[in-house]
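As structure tokens, the structure follows; a few thoughts come after it.
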Number of protein chains: 2
Amino acid sequence: MATPNLDVFQVIADPSRRQILQMLTKDSYNINYIAENFEMSRPAVSKHISILQSAGFITISDQGRERYCSLSQDGFIELRNWIDYFDAFWRSKLKTLESVMNKKSKNSNPSKK
Amino acid sequence: MATPNLDVFQVIADPSRRQILQMLTKDSYNINYIAENFEMSRPAVSKHISILQSAGFITISDQGRERYCSLSQDGFIELRNWIDYFDAFWRSKLKTLESVMNKKSKNSNPSKK
DNA sequence: CATATATGTAACTTTTAGGTTACGAATATA
DNA sequence: TATATTCGTAACCTAAAAGTTACATATATG
């Protein structure tokens, strides 16, 4: 199973991978345990894990023949940065709207003259 | 071109669609104008626009034969909610770490007795 | 009215993500 | 040492996203 190199957006596009991330908010689990909680085969889950790791969403620590997976912040940060960019857009848009509103209220209420 | 119904994660997984969203932070544009800024054919862009709209990332206002696209907050909010969930995870993890550190420093420094 | 422009959509092809089974390597255990 | 367990990977198949071209429709414009 060749593991394609996907960016963070493509990585979280898959529902199974998002579900794995959800699982890992509870605890660290080895790969077989994670696979037991999915309908698909173990190699399929193994591939998802590999993809999650290379995109920086999880880290893996080897303990004997087992490999324990934990969440890693890196991938999430990259996503958050993208979202934040658009958040800034909305905020500046709101600000523009407010200043337009202020101007209008001034014009519609010319107290002097 | 059948437009598949994709969730917000799948929608932003495509680089071209993210690029379109970036464009729309500058201004509103009609579909042909957007298409001119891409290598791919106009119908391909048209399909991306349709996907972005049905996922709540953009709104479209008809003006005669033209259709102007603007950013819509809905899709972004859905994404942000997902990220926020994991942000809460990191914060609580940090908190746990802090309390562990506090306990340790207490134990390693038994001032009384 | 005739023509140009903006757009949607149907039909089709190609690429690839995501799944499978089969196998091998490394480690734990009896 | 023999066996069971954990995991990775190669080879392969399938479904669907993402692109294309061709065509139809609606609106603007001369």
Side-chain angles (χ1 to χ4, degrees), chain A residues 1-24 27-70 75 79, chain B residues 1-24 27-70 75 79:
Chain A
M1 255 189 173
T3 63
N5 216 20
L6 309 175
D7 63 49
V8 290
F9 302 96
Q10 291 172 309
V11 168
I12 61 156
D14 186 277
S16 303
R17 287 196 284 266
R18 292 201 303 276
Q19 208 176 328
I20 291 174
L21 293 178
Q22 286 283 343
M23 267 191 78
L24 294 176
D27 203 350
S28 270
Y29 303 111
N30 66 17
I31 294 178
N32 263 13
Y33 180 83
I34 295 173
E36 282 166 12
N37 287 268
F38 285 84
E39 293 295 317
M40 74 187 88
S41 69
R42 184 194 52 77
V45 171
S46 177
K47 184 179 153 193
H48 282 310
I49 302 264
S50 166
I51 289 171
L52 285 168
Q53 183 191 28
S54 51
F57 284 99
I58 65 172
T59 55
I60 304 182
S61 76
D62 293 22
Q63 284 176 234
R65 65 186 166 189
E66 293 174 271
R67 312 191 72 207
Y68 278 85
C69 307
S70 320
L79 274 180
Chain B
M1 257 190 171
T3 63
N5 216 20
L6 307 174
D7 62 51
V8 289
F9 301 97
Q10 292 173 307
V11 168
I12 62 157
D14 187 278
S16 303
R17 286 195 286 264
R18 291 201 301 277
Q19 209 177 325
I20 292 173
L21 294 178
Q22 286 283 343
M23 268 191 76
L24 295 176
D27 203 350
S28 269
Y29 303 110
N30 67 17
I31 294 178
N32 264 13
Y33 180 84
I34 295 173
E36 281 166 14
N37 287 268
F38 285 84
E39 293 296 315
M40 74 188 91
S41 68
R42 184 195 52 78
V45 172
S46 175
K47 183 178 151 193
H48 282 309
I49 303 263
S50 165
I51 290 171
L52 285 168
Q53 183 190 28
S54 50
F57 284 96
I58 66 172
T59 55
I60 303 181
S61 76
D62 294 23
Q63 283 176 234
R65 64 186 168 189
E66 294 175 89
R67 311 191 72 206
Y68 279 85
C69 306
S70 320
L79 274 179

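Residue numbers start from 1 in every chain, and the chains themselves are labelled A, B, ... in the order their sequence lines are given, proteins ahead of strands.
Counting to the nearest Å, the P atom of D/dG8 and the CG atom of A/Asn30 are 10 Å from each other. Separating the CG atom of A/Asp62 from the C1' atom of D/dC7 is a distance of 10 Å, rounded to the nearest angstrom. Rounding to whole angstrom units, NZ of residue B/Lys47 and P of D/dA16 are separated by 13 Å. Between the CD atom of A/Glu66 and the P atom of C/dA28 there is a distance of 9 Å, rounded to whole Å. The distance between atom OH of A/Tyr29 and atom P of D/dC7, rounded to the nearest whole Å, is 15 Å. Between the CD1 atom of A/Ile20 and the P atom of C/dG18 there is a distance of 11 Å, given to the nearest Å. When rounded to the nearest whole Å, the span between CD of B/Gln63 and P of D/dA28 equals 10 Å. Note: CZ (B/Arg42) to P (D/dA24) measures 15 Å, nearest angstrom.
Scanning for ring-ring contact (aromatic ring centres under 6.0 Å, His included) contacts around A/Tyr33 gives A/Tyr29, with sequence neighbours left out.
Summarising the geometry of A/Val45 relative to A/Ala35, their closest heavy-atom pair is CG2-CA, 3.8 Å, with the distance given to 0.1 Å. The shortest non-hydrogen separation linking A/Ala13 to B/Gln10 is O-CG, 3.7 Å. A/Val11 approaches A/Ala55 most closely through the heavy-atom pair CG2-CB, 3.5 Å.
Residue A/Ser16 places its side chain closer to C/dG19 than to any other of D/dG19, C/dG8, C/dG19. Residue B/Leu6 places its side chain closer to D/dA17 than to any other of D/dG19, D/dA17, C/dG18. Looking at the side chain of B/Pro43, the nearest of the listed nucleotides C/dG18, D/dT20, C/dG19 is D/dT20.
Taking the centre and axis of the six-membered ring of B/Phe9, the NZ or CZ atom of A/Arg18 falls inside the cone set by 45° and 6.0 Å.
OP1 or OP2 of C/dG19 has not a single side-chain nitrogen or oxygen of A/Ser41 nearer than 4.0 Å. Contact annotation: B/His48 side-chain N/O to D/dA17 OP1/OP2 distance is not under 4.0 Å. Put simply, A/Ser46 has a side-chain N or O that comes within less than 4.0 Å of OP1 or OP2 on D/dG8.
A/Ser28 and A/Ser70 share a donor-acceptor pair across their side chains, judged by distance under 3.5 Å alone.
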Polar pairs (N or O, both sides) under 3.5 Å between protein and nucleotides 2-5 of chain C?
{"from": "C/dT5", "atom 1": "O2", "to": "B/Arg65", "atom 2": "NH1", "distance (Å)": "3.2"}

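Under 4.0 Å is where a charged nitrogen must lie from a carboxylate oxygen, and between A/Lys47 and A/Asp14 no such pair does.
When the nearest nucleotides of DNA chain C are assigned to B/Glu36 and A/Gly64 by heavy-atom distance, the more 5′-ward of the two goes with B/Glu36.
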